[in-house]
Amino acid sequence: MSAARPLLLGLLLLIGLTVLPPEARAERISEIKKTTFAESAARFFTLRDPSLRNALIGSVLMGISCGLLGSFLVVRKLALMGDALSHAVLPGVAFGFLWNMSKDPIAIFVGATVAGLLGAGTVHLIRSTTKHKEDAALGFVLASFFALGVCVITMLNNLPNAQKSGLDKFMFGQAAALGDQDVVLMAVVTALVISVLAIGFKAFALTSFDAGFASAIGFPTQLIHYTLMLLLAFSIVVSLQAVGVVLVSAMLITPAAAAFLLTDRLKPMLALSALFGMAAGAIGSFLSFVGNDMPTGPLMVLAGSAVFAVALLFGPRHGIVARWLRQRSRSGRTRRENTLKALYHVLERREFKGDDVSIRELAEQRRETEVEAKQLARELVRHRLATTNDSGEALYLTPAGWQRACEIVRNHRVWELYLTNDAQYAADHVHDDAEKVEHILGEETVREIEKRLNYATHDPHGKLIPGLADLNAAPFSGRRGARATGYGAHS
Amino acid sequence: MNPPSTRQDSQVDRTSANGAPSPLEIHDLTVAYHKKPVLYGIDLTVPAGTLVGIIGPNGAGKSTLIKAIMGQLPATSGWVRIFGQSFKEACTRVGYVPQRESVDWDFPVSVMDVVLMGRYGRLGLFKRPRLEDHDIARACLEKVKMLPFASRQIGNLSGGQQQRVFLARALAQESDLYLMDEPFAGVDAATESAIVMLLQELKTRGKTLLVVHHDLATAKDYFDNLLLLNMRLVAFGKTADVFTQEILQKTYGGRLTILSEVADTVRRQT
């Protein structure tokens, strides 16, 4: 909680810096384009050129506000709302331009916000007065507002004196076209988003998790929801120039979705999401710059998607690779435990006379070839569950191996007995289930089951259940050739 | 048949013996859900320090009653008083346990975070939880034996454990009136008996509890007062008096067909 404060201050400071007046003089765009990749990269990162500086700072600011708000959209399951709002603002952009036939950021901001809120209002109206649900309402409101926007903008572009309106940049974004005023507006909105979310964090978190409880303790849930929607509309509108109407929703959702894969706490999720948003914004505008005026929006979204892909693959807990590794180690453990069980069965069949098991015996027990059995034996040796003699033909269980073997057999037989006795399974139905369960039963559960079974000594097939004394004994120590004791022996 | 609490006597008996306002008083409350009436003319006065089980068939309006008491569903008529005040004025005195299915358990919060939410009502919109709030939350977790799980994400809990977390959150509200929506749904036997003991303890500490319950078999053992509901308040009173064949038949023996048919008509016409 307290760690969030310096982070917050840092972010606000960053925003403050962006509002400082540019130092360097503008250079001609054509000059910038005729440079090598390395030169343009250097130019980009030294921020010598104000239009570049605007592009980079603007993208980063957008990444922060979209990342933060996107997190709340994701946990509130409102991901589509971002899409709807962003499409709904387009006619507002056009009408904002019409206001005085110029790309006045304030007029466009106001027009777009009004249009966005109108769109959200229409969705709400349709949902509450007809039998349509949110998805259908979102779907067609988004399309109709967007269509209207496209028509008006095309008409504007066809006017003789508006050839260079640059309104088409709103479609796919062009960060390089950001003016000083645009960046200041973005800084203001981002600061507003950060401050409001920080002050009302508790309320936003609670209403997202449990709106019913929030309203029960007297929180104004509707007001909180609309505050969030208003912030969302603001940030979408200021992001339009950088990323474009079509893809701004991806900047809201992708960083947040990636962050959600990496953490299961809200605050780290917000921080990660803002970070990913910044990274995607910066990478996107950089690529757009070195890539000869490619539209920024798609590049930013691709960068964000790359972050998401990395999180999906390499996330420490829920990542595909981590899950695969866990799965593999689990199946390895299961395989070793099955080998141990086979060794136990061999020893049991000869009533625990002699403590060596030959590879051939193991192979026969497992109904496998000797080559395969040898491989299993080597694996046990590697995990110090067994040792071999010099020729490698005979296998001896180590204390750890013996204990685990007893545990597995005990788990298996106790579970079979439980299923037949308590759960009324037929005796011939229980083996397959026990084959799976034996590897996951914990010591506590087994003891609980044993208690319920009155410490029975034999499984449904009449075989002796290894008891605690067997588990704790070193293999055959002091009772070489003796049989396993079972519960009857020590109760 | 005359249930112990009827429209007439609830209007007279507004306060308990010592003159303090009743924890919960409902007068002629009718509630519509998507414009379809689901509760008709409920009159109810709950004395302080009682543990009331709300039972009735599916669709009887049990959860609706809870939500309507809290003003989450608009009443088409009637009023609700909590300790003589409106719900808004008295909401810090009301603890609430929603149905477990009503939230997304994948939500990125820890057990501790959820229990701290119980303090939010007192803290208001902007104040952060203080050390004292953390102490209370920890004590409440201890009470439901969930303290060892405090830092877990809530999705990594069993159903019974999740329900205990919700109860701990309600305890952290330190309220006088508790409204619980199906706290026994889908919990293990150990949790079930732990909840019963908790309810009894709250009652002996003078709290008033309304608990929606779905299991008729256990209802008469768990609650000393029962409220039988089927779109209409069928009966309310001591369990021994109202848990009778006749009243149960009246509550569960088919819906009140005329009422629900009229409700459907109302919905279609508006």
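Each chain gets a letter, A, B and so on, in the order the sequences are listed, and its residues count up from 1.
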One should read off an interatomic distance between B/Arg128 CZ and A/Ile199 CD1, to the nearest 0.5 angstrom, of 10.0 Å

So for A/Ala205, is it side chain, backbone, both, or neither that comes closer than 4.5 Å to the heavy atoms of chain B?
backbone

What part of A/Ser208 gets within 4.5 angstrom of chain B, counting heavy atoms only: side chain, backbone, both, or neither?
both

For A/His439, is the NE2 atom crowded, meaning more than 12 foreign heavy atoms sit under 6.0 Å from it?
yes

Crowding at CZ, A/Arg328 (>12 non-hydrogen neighbours, <6.0 Å):
no

Heavy-atom pairs under 4.5 Å with chain A: which of B/Lys127, B/Met70, B/Met117, B/Lys67 has the most?
B/Met117

dist B/Asp113:CG -> A/Lys202:NZ (nearest 0.5 Å) comes out at 13.0 Å

Scored by heavy-atom pairs under 4.5 Å with chain A, the best of B/Ser151, B/Gly71, B/Ser102 is B/Ser151

Considering only heavy atoms, give the residues of residues 85-101 of chain B separated from chain A by less than 4.5 Å, sorted numerically, with 'none' for an empty result.
B/Phe87, B/Cys91, B/Tyr96, B/Pro98

By residue number, those in residues 167-179 of chain B with heavy atoms under 4.5 Å from heavy atoms of chain A are B/Arg169, B/Gln173

What residue, out of A/Ala211, A/Ser215, A/Ala203, has the most heavy-atom pairs lying under 4.5 Å from chain B?
A/Ser215

Has the side chain of B/Gln72 got a donor or acceptor atom that lies under 3.5 Å from a matching backbone atom of A/Gly212?
yes

Within a strict 4.5 Å, meaning less than it, do heavy atoms of the A/Phe209 and B/Asp104 side chains meet?
no

Given heavy-atom pairs under 4.5 angstrom as the criterion, report whether the side chain, backbone, both or neither of A/Pro220 touches chain B.
side chain

Residues of residues 259-266 of chain A with any heavy atom under 4.5 Å of a heavy atom in chain B:
A/Phe260, A/Asp264, A/Arg265, A/Leu266

What residues of residues 118-125 of chain B make heavy-atom contacts with chain A at a cutoff under 4.5 angstrom?
B/Gly118, B/Tyr120, B/Gly121, B/Leu123, B/Gly124, B/Leu125

Within a reach of under 6.0 Å around CZ of A/Arg326, are more than 12 heavy atoms found that belong to other residues, nucleotides or ligands?
yes

Between chain A and each of B/Ile69, B/Val109, B/Ile154, count heavy-atom pairs under 4.5 Å; write down the option with the most.
B/Val109

